[in-house]
Chemist: 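Handing you a structure now.
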Number of protein chains: 2
Amino acid sequence: MLVSFVFVTMTRRQQIMGTALCLMRKKGYLNTSMRDIASSVNMEAASLYNHIKGKEEILIDTCFGLAETLEIGINEVNDIYFNAAEKLSMAIHSHIKALTQDLNASHLFVHEWRHLSDDKRAQFIERRDLYEKEFRDIVILGFEEGEFKDVDPKFATLTILASLNWVGEWYRPQGEMQPKEIAEKLTHFILSGLQKN
Amino acid sequence: MLVSFVFVTMTRRQQIMGTALCLMRKKGYLNTSMRDIASSVNMEAASLYNHIKGKEEILIDTCFGLAETLEIGINEVNDIYFNAAEKLSMAIHSHIKALTQDLNASHLFVHEWRHLSDDKRAQFIERRDLYEKEFRDIVILGFEEGEFKDVDPKFATLTILASLNWVGEWYRPQGEMQPKEIAEKLTHFILSGLQKN
DNA sequence: TTGGAAAACTAACGAGTGTTAGTTAGTTTT
DNA sequence: AAAACTAACTAACACTCGTTAGTTTTCCAA
């Protein structure tokens, strides 16, 4: 299993979390057992409980951690930029940067939040809806500026976010396209589409 | 549980499959037990095996069934249309029609195929990649015609398919937007983007 | 060197998993 | 009437699951 010089500078908790996320991305949250995680960090399942409260803590910390990163990003964008096209571009950059930072965490954030317990899931959905609203407001602003077409803002926002979130499915850190370039291409594609003229 | 006049005209197998898909969309494939399915059709878990071979058969039949529907659709489009913009539009319509037909099946197709056994998963990925290639070829054709921009075809295709597949997450049959309208808006969005000019 | 916290261990609990075996009642076919 | 088939049942197998309790080992500050 993963052993590197970076490893030794991490707390045991960070090692467990990182390994767990890696397994969960590969096999899915439900399919990854505490015994799987334990054996990947060379200990017994019971010993994990000296470092984390339980299995769900992994999911909770990851989902809400990434949620916060995204919220901070969109708030910065809203503080700095005023024009919708610029805002959208920077929001896309911020979103892609956050998602490509840790693909394992992104997988939990995009796919596995469904398995949060009822109350946590409700909280998560609330924050996700709020984030979605920030994007929608940019689309609406663009229309009010006269720069964007008169599209259904909800539809457009969901379509945009779908494209952004799917990047985690095909992006490879060692590949030829880097996060910044992906964000640029996405921005261009979303703003002006596939067709000439 | 679901009992209707349609129900009586279905074979027991169809009832089981339909109920299973509904549960699996709500709770996830791994989280749905044979006992859950059984009790939803008022029988014991063991009795299910008189009608289906096992749990995975539900996933296999659903994923490969929808795969075939999509393949037939794209082949028809390729047979009938010659111009890339038209092909893309019709391919989008076909895709959206197939996905919105049965949202429960779509959920398994988009999200739960990961839990297919190794060999079946390999087969599934192969067919999915082939379908993806059909889309990519349309994008390439559009460039060769001089109608589409010089985008990275792989990137564009993945972005397009992400938008299409995500429709299953927010489309509601009783909502105001119907599949045909969704397909039209998606086509327009993908072809000409958000920005004016 | 030593006291005590931190972090590992073993063992087990109670619940749940997909699936199989064997059986039975009711219906259809021969 | 006999045989075969269908679809349900009960019971159980052989695991796996997350988690807890109690115990032992490790390791660092005093």
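Naming convention: chains lettered A, B, ... in sequence-line order (proteins, then strands); numbering from 1 in each chain. Since we're looking at a predicted model, the values are computed, not measured.
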Chemist: Among the candidates C:dA8, C:dC9, D:dA8, find the nucleotide nearest to the side-chain atoms of B:R12.
Modeler: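 Comparing C:dA8, C:dC9, D:dA8 against the side chain of B:R12, the answer is D:dA8.
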Chemist: Calculate the interatomic distance between B:I52 atom CD1 and D:dA8 atom C1'; express it in whole Å.
Modeler: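 Value for this atom pair: 15 Å.
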Chemist: Hey, does B:S47 reach any base, or is it just sugar-phosphate, or nothing, if we go heavy atoms under 4.0 Å?
Modeler: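 B:S47: base contact, heavy atoms under 4.0 Å.
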Chemist: Given that both distances must come in under 3.5 Å, which nucleotide forms a Watson-Crick or G-U wobble pair with D:dC17?
Modeler: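 Across all strands, the one nucleotide that pairs with D:dC17 is C:dG14.
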Chemist: Please verify the inter-ring angle class for A:F64 with A:F124; under 30° counts as parallel, over 60° as perpendicular, anything in between as tilted.
Modeler: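 Rings of A:F64 and A:F124: perpendicular, as their planes differ by over 60°.
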Chemist: Can you tell me the distance, in whole Å, between the CD1 atom of A:I58 and the P atom of D:dC17?
Modeler: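 About 14 Å, once rounded to whole Å.
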Chemist: Restricting to non-hydrogen atoms, name the atom on B:L194 and the atom on A:V151 that form the minimum distance, rounded to 0.1 Å.
Modeler: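 In this case the closest contact between B:L194 and A:V151 is CD1-CG2, 3.7 Å.
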Chemist: Return the nearest nucleotide to the side chain of B:Y49; candidates are D:dC9, C:dT20, D:dG18.
Modeler: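 Selected nucleotide: C:dT20.
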Chemist: State whether A:S33 places a side-chain N or O below 4.0 Å from either non-bridging phosphate oxygen (OP1 or OP2) of D:dC17.
Modeler: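 True: A:S33 side-chain N/O within range (under 4.0 Å) of D:dC17 OP1/OP2.
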Chemist: Grab the CG-P distance between A:L48 and C:dA6 for me, whole Å please.
Modeler: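 Interatomic distance, CG of A:L48 to P of C:dA6: 18 Å.
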Chemist: Compare the minimum distances between each of C:dC9, D:dG18, D:dA11 and the side chain of A:A46, then state the nucleotide with the smallest one.
Modeler: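 Among the listed nucleotides, the one closest to the side chain of A:A46 is C:dC9.
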Chemist: What integer distance in Å separates A:M43:CE from C:dA8:C1'?
Modeler: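 Between C1' of C:dA8 and CE of A:M43: 8 Å.
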Chemist: Mind calculating the distance between CG (A:D36) and P (D:dC17) to the nearest angstrom?
Modeler: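 Taking atom P of D:dC17 as the reference, CG of A:D36 is at 6 Å.
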Chemist: Rounded to the Å, how far apart are A:M34 CE and D:dC15 C1'?
Modeler: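 One finds 19 Å between C1' of D:dC15 and CE of A:M34, rounded.
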Chemist: Considering heavy-atom distances to DNA chain C, does A:N50 or A:R35 have its closest nucleotide positioned more toward the 5' end?
Modeler: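 Comparing both residues, the 5'-ward one is A:N50.
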Chemist: CD of B:Q15 versus C1' of D:dA7: gap in Å, rounded?
Modeler: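 My rounded result for the distance is 13 Å.
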Chemist: Quick one: closest heavy-atom pair of B:E176 and B:E181, and the distance?
Modeler: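 Smallest interatomic distance, heavy atoms only, reads O-OE1, 4.0 Å.
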Chemist: Can you label the angle between the B:Y29 ring and the B:H115 ring as parallel, tilted or perpendicular, going by 30° and 60°?
Modeler: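 It falls in the parallel class, under 30°.
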Chemist: Expressed as a whole number of angstroms, how long is the span from B:H51:NE2 to D:dC5:P?
Modeler: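 Whole-Å distance recorded here is 17 Å.
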Chemist: Tell me whether B:L88 shares a hydrophobic cluster with B:L70, the cluster being built from Ile, Leu, Val, Met, Phe, Trp, Tyr side chains joined at under 4.5 Å.
Modeler: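 Yes, B:L88 connects to B:L70 through the hydrophobic network.
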